[in-house]
Amino acid sequence: MAHFLADVTVALHIIALLFIGLGGFLAWRWPKVAFVHIFFAIWGVLVNVAPIPCPLTAAENVFRHQEGLGDLPGGFNAYYLYDTVVPRSLLPAVAVIALALVIFSYIGAYVRWRHRHDTPTHRVRLG
């Protein structure tokens with residue numbers, strides 16, 4: 001059971017990372033998602049720049065210990081992503097791209113929010 005729970009924790013961690021990077025685009029359709037995304041984005045930054053432990057990494061470590069394994073060496077990102085998905089030499093570029101995506105997504109969400117009550121200039125009738 002611990003192995004399954006560790007796998008679920010890894011999947012949740014990946015989903016959370018994708019949400020941190022791309023969740024702002026969901027706010028284009030559902031503006032209230034922005035509030036949840038802001039929390040996740042701030043949390044993601046704090047976990048990576050401050051000595052704040054990630055609860056998902058801590059949970060995975062608990063399940064790994066139940067399997068007789070040790071903690072994730074270097075944390076989730078270092079173990080699963082660095083040099084596996086993203087070469088370490090590209091990490092600065094990835095950080096800049098991720099920040100640009102978040103900024104772009106929020107600009108788009110704001111523009112869509114500002115124009116949410118504008119009427120279209122024409123309507124297309126189907127059928």
Side-chain angles (χ1 to χ4, degrees):
M1 183 67 158
H3 182 73
F4 171 74
L5 292 173
D7 289 345
V8 168
T9 304
V10 170
L12 287 174
H13 217 144
I14 291 169
I15 291 168
L17 288 173
L18 289 171
F19 184 68
I20 289 169
L22 303 172
F25 291 104
L26 295 175
W28 290 23
R29 175 67 177 95
W30 301 287
K32 292 180 182 178
V33 168
F35 299 107
V36 176
H37 183 261
I38 289 169
F39 170 78
F40 270 79
I42 290 170
W43 183 260
V45 169
L46 287 175
V47 164
N48 284 288
V49 299
I52 297 173
C54 176
L56 290 171
T57 301
E60 185 176 353
N61 284 334
V62 166
F63 300 132
R64 287 175 57 88
H65 283 277
Q66 291 176 0
E67 292 182 67
L69 303 170
D71 289 348
L72 285 172
F76 180 86
N77 293 345
Y79 188 74
Y80 290 108
L81 302 178
Y82 303 160
D83 293 328
T84 304
V85 177
V86 178
R88 287 183 191 266
S89 61
L90 293 180
L91 289 178
V94 169
V96 169
I97 291 168
L99 182 60
L101 282 171
V102 170
I103 291 169
F104 178 76
S105 71
Y106 271 68
I107 290 171
Y110 175 75
V111 168
R112 289 182 60 95
W113 176 79
R114 283 283 280 154
H115 298 288
R116 69 191 179 280
H117 297 298
D118 292 351
T119 55
T121 57
H122 68 281
R123 293 185 184 247
V124 175
R125 293 182 187 245
L126 300 174

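Sequential numbering from 1 along the given sequence is applied to the chain's residues.
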Here's a test for you: under ring pair (Phe, Tyr, Trp, His ring centres under 6.0 Å), which of Phe76, Phe40, Tyr79, Phe19 qualifies with His13? Phe76

Within-4.5 Å side-chain heavy-atom neighbours: His115 and Val111: yes

Nearest non-hydrogen partners of [X] and [Y], listed with the distance:
X: Ala109; Y: Ala27; answer: CB-CB, 3.9 Å
X: Ala16; Y: Leu56; answer: CB-CD1, 4.2 Å
X: Val47; Y: Cys54; answer: CG1-CB, 3.7 Å

According to a hydrophobic-cluster definition based on side-chain heavy atoms being under 4.5 Å apart (Ile, Leu, Val, Met, Phe, Trp, Tyr only), do [X] and [Y] belong together?
X: Leu17; Y: Val94; result: yes
X: Met1; Y: Phe63; result: yes
X: Ile14; Y: Leu91; result: yes
X: Trp30; Y: Phe35; result: no
X: Leu72; Y: Val10; result: yes

Whether Trp43 and Phe39 hold their rings parallel, tilted or perpendicular, with breakpoints at 30° and 60°: parallel

Any chance you could measure [X], atom [atom1], to [Y], atom [atom2], to the nearest 0.5 Å?
X: Asn77; Y: Thr57; atom1: CG; atom2: OG1; answer: 7.5 Å
X: Thr9; Y: Phe4; atom1: OG1; atom2: CZ; answer: 9.5 Å
X: Ile107; Y: Ile103; atom1: CD1; atom2: CD1; answer: 7.0 Å
X: Ile20; Y: Ile15; atom1: CD1; atom2: CD1; answer: 12.5 Å
X: Asp7; Y: Leu12; atom1: CG; atom2: CG; answer: 11.0 Å

Just to verify, which of Arg64, Glu67, Gln66 counts as forming a side chain to side chain donor-acceptor pair (under 3.5 Å) with His3? Glu67

What do you reckon, are the aromatic ring centroids of Trp28 and Phe25 less than 6.0 Å apart? yes

Quiz question: by atom type and distance under 3.5 Å, do the side chains of Glu60 and Tyr80 form a donor-acceptor pair? yes

Side-chain H-bond candidate by donor/acceptor type, Tyr106 with His37, under 3.5 Å: yes

Main chain of Arg88, side chain of Asp83: is a donor-acceptor contact present, judged purely on distance under 3.5 Å? yes

